[in-house]
Amino acid sequence: MTRRAVRPLAAAAALLLVAACGAPQPRSPEIRLSTEDFTFRISADTMPPFAREASRWRVVVTDRETQQPVENGEGRIFATSHDNANTWNGFEKGDEVGTYYATLRFITAGEWAMAVQFRADSTRPLQRVDWIQEVRPARPLGS
């Protein structure tokens with residue numbers, strides 16, 4: 001084959017390879033926070049979440065020193081709005097090691113003070129991380 005014939009074939013092969021792999025899936029933004037002993041990667045199925053909708057939160061916990069996932073820990077996620085509305089839930093262990101889930105429902109839109117409390121086991125003290133989370137207005141019914 002001549003050099004002129006190879007270039008279009010190489011371009012077509014590259015295009016097929018990209019198409020076969022598919023477009024990269026968008027990742028939910030993560031919040032990364034640390035305590036003395038733990039590193040947390042916190043995300044929700046929809047970021048920022050919508051008011052009046054259940055939002056599933058995923059919290060991946062690793063040991064800050066060893067970078068190993070923390071298995072069999074316990075904790076909770078909770079939030080308070082400017083109007084003192086509260087939402088909270090305890091963690092459920094996920095299938096992935098060091099991953100915990102909880103579902104929250106925010107009653108109003110706006111800024112919410114959020115926190116995670118976590119410990120490796122019941123003999124250890126709870127450690128806490130805090131952040132401010134924007135919650136979007138509720139979607140219109142039927143959307």
Side-chain angles (χ1 to χ4, degrees), residues 4-143:
R4 292 183 108 179
V6 171
R7 283 187 184 164
L9 287 175
L15 185 59
L16 284 173
L17 182 61
V18 169
C21 293
Q25 297 297 316
R27 291 187 52 180
S28 179
E30 283 185 337
I31 300 162
R32 293 175 182 249
L33 300 168
S34 296
T35 63
E36 185 177 320
D37 296 326
F38 306 115
T39 300
F40 300 93
R41 291 188 350 247
I42 305 163
S43 60
D45 52 7
T46 303
M47 282 295 254
F50 287 95
R52 297 196 220 152
E53 288 183 17
S55 61
R56 184 127 170 104
W57 290 78
R58 177 179 186 253
V59 180
V60 179
V61 185
T62 54
D63 181 280
R64 190 168 177 181
E65 185 178 315
T66 67
Q67 301 300 307
Q68 295 301 307
V70 178
E71 194 174 1
N72 301 319
E74 51 187 49
R76 68 181 185 137
I77 186 169
F78 55 99
T80 301
S81 73
H82 286 292
D83 301 331
N84 288 322
N86 296 303
T87 185
W88 68 92
N89 204 343
F91 289 143
E92 301 169 7
K93 284 189 350 184
D95 292 336
E96 311 92 346
V97 175
T99 302
Y100 302 85
Y101 291 92
T103 300
L104 297 177
R105 186 179 299 268
F106 301 92
I107 194 162
T108 61
E111 288 186 341
W112 286 67
M114 293 196 62
V116 163
Q117 286 182 317
F118 187 84
R119 61 185 171 193
D121 61 58
S122 62
T123 65
R124 304 264 177 90
L126 287 166
Q127 295 186 32
R128 177 176 168 158
V129 291
D130 298 89
W131 73 97
I132 300 296
Q133 178 65 56
E134 183 67 31
V135 175
R136 293 186 271 188
R139 294 188 241 207
L141 293 175
S143 58

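For this chain, numbers begin at 1 and follow the sequence in order.
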**Student:** So, Asp63 side chain and Gln68 main chain: donor-acceptor pair closer than 3.5 Å or not?
**Tutor:** no
**Student:** Run Thr46 and Arg136 through side chain to side chain contact (heavy atoms under 4.5 Å, CB included) and show every step you take.
**Tutor:** CA-CA 10 Å; Thr46 303; Arg136 293 186 271 188; 3.1 Å; yes
**Student:** Using a 4.5 Å cut-off on heavy atoms from C-beta on, say whether the side chain of Met47 contacts that of Ile31.
**Tutor:**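 Side-chain contact under 4.5 Å: yes.
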**Student:** What are the two closest heavy atoms between Asp130 and Leu33, and how far apart are they?
**Tutor:** O-CD1, 4.0 Å
**Student:** Is it the case that over 12 heavy atoms from other parts of the model lie below 6.0 angstrom from the CG atom of Leu126?
**Tutor:** yes
**Student:** Please check if the number of heavy atoms outside Gln67 that lie under 6.0 Å from its CD is greater than 12.
**Tutor:** yes
**Student:** Nearest 0.5 Å, what's the CD1-CE distance between Ile132 and Met114?
**Tutor:** 10.0 Å
**Student:** Restricting to non-hydrogen atoms, name the atom on Phe106 and the atom on Ser55 that form the minimum distance, rounded to 0.1 Å.
**Tutor:**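 Here Phe106 and Ser55 meet closest at CE1-OG, 3.7 Å.
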**Student:** Given side chains that start at C-beta, do those of Arg64 and Asp37 come closer than 4.5 Å, heavy atoms only?
**Tutor:** no
**Student:** Can you tell if the side chain of Trp57 reaches within under 4.5 Å of the side chain of Ile42, non-hydrogen atoms only?
**Tutor:** yes
**Student:** Would you name the heavy atoms of Ile77 and Ala102 that are closest together and state the gap between them?
**Tutor:**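 So the two residues come closest at CG2-CB, 3.6 Å.
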**Student:** Working to the nearest 0.5 angstrom, can you tell me the gap between Ile107 CD1 and Arg52 CZ?
**Tutor:**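 These two atoms lie 7.5 Å from each other.
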**Student:** Return the minimal non-hydrogen interatomic distance between Gly98 and Pro69, and the atom names on each side.
**Tutor:** CA-CB, 3.9 Å
**Student:** What is the minimum heavy-atom distance between Phe50 and Pro137, and which atoms define it?
**Tutor:** CD2-O, 3.2 Å
**Student:** Quick check against the 3.5 Å criterion: does Thr87 have a side-chain atom that pairs as donor or acceptor with the backbone of Arg105?
**Tutor:** yes
**Student:** Parallel, tilted or perpendicular for Phe118 and Phe38, by the 30°/60° rule?
**Tutor:**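 Because their plane-to-plane angle is over 60°, the rings of Phe118 and Phe38 count as perpendicular.
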**Student:** Could you walk me through whether Phe78 and Arg128 satisfy the side chain to side chain contact (heavy atoms under 4.5 Å, CB included) test, starting with their C-alpha distance in whole Å, then the side-chain angles of each, then the deciding distance to 0.1 Å, before giving a yes or no?
**Tutor:** CA-CA 11 Å; Phe78 55 99; Arg128 177 176 168 158; 3.8 Å; yes
**Student:** Of the non-hydrogen atoms in Gln117 and Phe91, which two are nearest, and what is the gap between them?
**Tutor:**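 Residues Gln117 and Phe91, closest heavy atoms: O-CE1, 4.1 Å.
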**Student:** Report yes or no: do Ser81 and Asp83 form a side-chain donor-acceptor pair below 3.5 Å?
**Tutor:**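 Ser81 vs Asp83: no donor-acceptor pair found between side chains.
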**Student:** Examine distances only and state if a side-chain atom of Arg58 and a backbone atom of Ser43 form a donor-acceptor pair shorter than 3.5 Å.
**Tutor:** no
**Student:** Does a sphere of radius 6.0 Å around CZ in Arg124 hold more than 12 heavy atoms from other residues, nucleotides or ligands, not counting ones at 6.0 Å or beyond?
**Tutor:**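 Atom CZ in Arg124 is not packed in, count stays at 12 or less.
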**Student:** Just how far is it from atom CD of Glu92 to atom CZ of Arg56, taken to the nearest 0.5 Å?
**Tutor:**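 Reported to 0.5 Å precision, the distance equals 5.5 Å.
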**Student:** Can you find a pair of side-chain heavy atoms, one from Asp95 and one from Thr99, that are under 4.5 Å apart?
**Tutor:**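 No, side chains not in contact.
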**Student:** Please say whether more than 12 non-hydrogen atoms of neighbouring residues, nucleotides or ligands are located less than 6.0 Å from CH2 in Trp131.
**Tutor:** yes
**Student:** Donor-acceptor check, side chain of Thr39 to backbone of Ser34, threshold 3.5 angstrom: yes or no?
**Tutor:** no
